[in-house]
Chemist: 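One structure coming up, written as structure tokens, with questions to follow.
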Amino acid sequence: MPSEGEKRMQKKLLSVFLAAAVGMSFAGCSGGGEDGGKEEVTVPENSIVLNISAESNGRRMKGFGAECDPLFISENVGESGTDENGAAWECKEEDWANVIEPRIEEINLQRMRVMLCPSYFCPTYEQYASENYAWASEEMSSVYQVLETAQKLDITVNLTYWGVDALKCPWLAASQEGWMSFPKAEYEEAFCEMFADAVKYLKEDRGYTCIREITIFNEPNSYGFENYARICRMMNEKFIEAGLRDGVEFNLSDTAENKDWLERCAKELSDISDFLNAHTYSFGYGMTNREIYEACLDWVSRMEGCGQDLYFNEFGTNKATSSHTASDNFDPERGLEICRIAANMVNAGIVGASYWVLFSQLYNREEVGRYMDMGLWGCANEGYACRPVFYAYTLLTRFVPAGAHIYPISSADENIVAFAVRTPSGKWSYVAVNNSDEAKKLAFRNAGEAPEGSVKKYVYDVKNVPTDNRVITAYTEIGFEQEYLFDELGGQSVAVYTQL
């Protein structure tokens, strides 16, 4: 016979067992399975599984942007003519407010790279010596126009001090040959002081806090690294003296296709830089995803040990035919290639890129008809019509936000490149590009906390490009199946699957 104490213990154990059994039966109602009730998801046959790791690569997007140089008022307003159909056109100042600014807002542009030249505000030595800068010049009015838009729309501006525009600022230029020059040795300090003065005026007097980073010289390779490094260090001191350094990041290098230059910047200037950048027009047509990825990986490897990110301040396809134009400007394939290049960049560890250029315009009205013609849309001579690349690239500007955590994705299919990002608030965007002619079944598998709900799928299809001059708004909704997202992506297409 059990004692009273043993009886009480038996009753207690029976109660615990029954409670556990009831709990298990309720848990079984949620689906039945060893992992707490989830049924096993069946991946469709012939799917390309795109695994998203539980942890990001430790980097965060700086965003996708575009070059928006301040030349609309100074070099374009007032230009007129007739188009190929004989219709009259004119570039009007109000076109900025009526067309350009609303379009910038619509595409959710996150970053602008903006040119600033010494001649805009200090074409003579006397103006420098007296600090009587030409803040009211037509060129500066163009600068203010761009910065007003950026400030209004909270767009990060990279202000690039382009060099010395030799013909318009001869007192400062070391050479009168070509468009841009290094400063004369005796005026290097003046060159740096002027830029610090300009940034201080723009940020503090005019309130353009959107200027969050600066780049010193556009493609400085021809000036020699020692000269460039000396100027960068001098500029750093001038910004410290002006009380500006904590308010702007130094985005240095700006190299034109020169990886050795980037490597030297990483080794010798990382104590004053915040991150580094490069330019490339070498990727795209005729290259596999693997080739583009490995080339990007080589760029990133040159920065090993410096602890800073790499951004591309300029990029386009390998169809550029001069500094001003490319043979694929109006081709639907350009949109696919730009997104394919961008996806491989992100997978390699690059934190974003700036498309060259936002819209086509004249950089010098005296060079009649010579437009900087690689824009997402044309100038007034084209009725500001959007090119095919507009519809593709703006999927990235809209749905791959700055600040998002980056999750590279490896693909077993040579024609599929994909990556994922997650915002700090936990919203996901998946990007996939299919550069084959065949539709592909995709199975995104998120190894972290499975996203809930659904995503909106937006598609750019080379075979069906819009012509309405608006961003792509049509979408289909796809639900998550636990950690999976299944879809079929058509050939020659870009898709964004987003919770944003």
Side-chain angles (χ1 to χ4, degrees), residues 64-79 91 93 95-96 99-101 103-104 107 109-121 137-151 153 155-169 178-180 195 198-199 202 208 210-220 251 254 256 277 279 281 312-316 320 322-326 329 353-367 370-382 384 387 390 393 397:
F64 287 104
E67 186 84 19
C68 186
D69 288 328
L71 302 158
F72 190 72
I73 293 174
S74 60
E75 304 297 336
N76 290 270
V77 169
E79 291 295 305
C91 184
E93 188 167 349
D95 292 348
W96 185 274
V99 180
I100 296 173
E101 184 176 289
R103 191 169 285 169
I104 291 171
I107 69 176
L109 194 67
Q110 299 161 53
R111 298 171 56 87
M112 285 181 179
R113 181 169 177 252
V114 179
M115 171 196 295
L116 186 73
C117 296
S119 69
Y120 293 0
F121 60 97
S137 71
E138 192 174 50
E139 290 84 357
M140 289 306 295
S141 293
S142 286
V143 173
Y144 307 146
Q145 182 181 58
V146 173
L147 296 180
E148 286 286 347
T149 294
Q151 187 72 22
L153 301 179
I155 297 169
T156 292
V157 169
N158 167 285
L159 195 64
T160 296
Y161 200 30
W162 217 255
V164 183
D165 38 347
L167 297 179
K168 295 183 178 182
C169 204
W179 179 36
M180 287 290 160
F195 188 44
V199 173
L202 292 169
Y208 297 133
C210 56
I211 301 172
R212 297 173 188 141
E213 65 187 55
I214 62 100
T215 293
I216 304 161
F217 289 113
N218 174 68
E219 300 184 348
N251 176 5
D254 219 53
N277 82 81
H279 300 182
Y281 298 89
F312 271 86
N313 259 11
E314 292 183 19
F315 87 116
S322 72
S323 62
H324 279 64
T325 192
N329 283 340
S354 183
Y355 179 81
W356 182 276
V357 289
L358 182 62
F359 65 96
S360 296
Q361 60 176 333
L362 292 171
Y363 274 46
N364 183 349
R365 70 170 75 237
E366 294 178 4
E367 296 180 337
R370 191 169 186 245
Y371 285 85
M372 182 61 71
D373 199 26
M374 294 184 234
L376 297 175
W377 63 86
C379 200
N381 63 323
E382 295 178 33
Y384 302 105
R387 281 91 180 267
F390 167 89
Y393 187 63
T397 62

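These numbers were taken from a predicted model, which means no experiment stands behind them.
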Chemist: At their closest point, which heavy atom of Ser142 faces which heavy atom of Ser74, and how far apart are they?
Modeler: OG-N, 2.9 Å

Chemist: Would you name the heavy atoms of Arg387 and Gly375 that are closest together and state the gap between them?
Modeler: NH1-O, 3.2 Å

Chemist: Find the distance between CG (Asn381) and CG (Leu362) and round it off to the nearest 0.5 Å.
Modeler: 8.0 Å

Chemist: Show your working on side chain to side chain contact (heavy atoms under 4.5 Å, CB included) between Glu382 and Asp373 and close with a plain yes or no.
Modeler: CA-CA 11 Å; Glu382 295 178 33; Asp373 199 26; 3.9 Å; yes

Chemist: Hey, does the side chain of Gln151 reach the backbone of Cys210 with a donor-acceptor pair shorter than 3.5 angstrom?
Modeler: yes

Chemist: Fit a plane to each ring of Tyr393 and Tyr355, take the angle between them on a 0 to 90° scale, and name the class: parallel (under 30°), tilted (30 to 60°) or perpendicular (over 60°).
Modeler: tilted

Chemist: Side chains of Val143 and Phe121: closer than 4.5 Å at any heavy-atom pair?
Modeler: no

Chemist: May I ask you to check if Arg103 and Trp377 form a cation-pi contact, with NZ or CZ under 6.0 angstrom from the six-membered ring centre and within 45° of the axis?
Modeler: yes

Chemist: Could you tell me whether the side chain of Phe315 reaches within less than 4.5 Å of the side chain of Ser354, counting heavy atoms only?
Modeler: no

Chemist: For the residue pair Tyr363 and Trp356, does the interplanar ring angle fall in the parallel (under 30°), tilted (30 to 60°) or perpendicular (over 60°) class?
Modeler: tilted

Chemist: With distance as the sole test, does Asp69 use its side chain to make a donor-acceptor pair with the main-chain N or O of Met115 at under 3.5 Å?
Modeler: yes

Chemist: Identify the heavy atoms of Glu79 and Glu75 that sit nearest to each other, and give their distance.
Modeler: CG-O, 4.1 Å

Chemist: Any chance you could lay out the side chain to side chain contact (heavy atoms under 4.5 Å, CB included) test for Asn364 and Trp179, step after step, and finish with the verdict?
Modeler: CA-CA 11 Å; Asn364 183 349; Trp179 179 36; over 6 Å; no

Chemist: How long is the gap from CD on Gln145 to CD on Glu101, to the nearest 0.5 Å?
Modeler: 9.0 Å

Chemist: Nearest 0.5 Å, please: how far is CZ in Arg365 from SG in Cys91?
Modeler: 8.0 Å

Chemist: Using atom types as modelled, flag every donor-acceptor pair under 3.5 Å from a side chain in residues 156-164 to any protein atom, sequence neighbours excluded.
Modeler:
from, atom 1, to, atom 2, distance (Å)
Thr156, OG1, Arg212, NH1, 2.7
Asn158, OD1, Thr160, OG1, 2.6
Asn158, ND2, Glu213, OE2, 3.0
Asn158, ND2, Thr215, OG1, 2.9
Thr160, OG1, Arg113, NE, 3.2
Tyr161, OH, Phe191, O, 3.0

Chemist: From Ile104 CD1 over to Thr397 OG1, what is the distance, rounded to the nearest 0.5 angstrom?
Modeler: 11.0 Å

Chemist: How far apart are the C-alpha atoms of Val357 and Glu314, what are their side-chain angles, what is the distance that settles it, and do they pass the side chain to side chain contact (heavy atoms under 4.5 Å, CB included) test?
Modeler: CA-CA 8 Å; Val357 289; Glu314 292 183 19; over 6 Å; no

Chemist: Hey, what do you get for CE (Met372) to CD (Glu67), rounding to the nearest 0.5 Å?
Modeler: 8.5 Å

Chemist: Show the nearest heavy-atom pair for residues Ser323 and Met374, with the distance to one decimal.
Modeler: O-CE, 3.6 Å

Chemist: Any non-hydrogen side-chain atom of His279 less than 4.5 Å from a side-chain atom of Asp254?
Modeler: yes

Chemist: Do the side chain of Asn329 and the main chain of Ala326 share a donor and acceptor less than 3.5 angstrom apart?
Modeler: yes

Chemist: Indicate the atoms forming the closest heavy-atom contact of Cys68 with Val114, along with that distance.
Modeler: O-CG2, 3.6 Å

Chemist: Can you tell me how far OG of Ser137 sits from CD of Glu139, rounded to the nearest 0.5 angstrom?
Modeler: 4.5 Å

Chemist: For Val77 and Glu93: C-alpha separation, side-chain torsions, deciding distance, then whether side chain to side chain contact (heavy atoms under 4.5 Å, CB included) applies.
Modeler: CA-CA 6 Å; Val77 169; Glu93 188 167 349; 4.1 Å; yes

Chemist: Apply the side chain to side chain contact (heavy atoms under 4.5 Å, CB included) test between Val146 and each candidate in Trp96, Phe72, Tyr208; give the one that qualifies.
Modeler: Trp96

Chemist: Determine whether Cys117 and Met180 make a side-chain contact, defined as any pair of heavy atoms from C-beta on separated by less than 4.5 Å.
Modeler: yes

Chemist: So, Tyr120 versus Glu138: side-chain donor-acceptor pair below 3.5 Å or not?
Modeler: no

Chemist: Mark yes or no for whether Asn251, through its side chain, and Ile214, through its backbone, hold a donor-acceptor pair below 3.5 Å.
Modeler: no

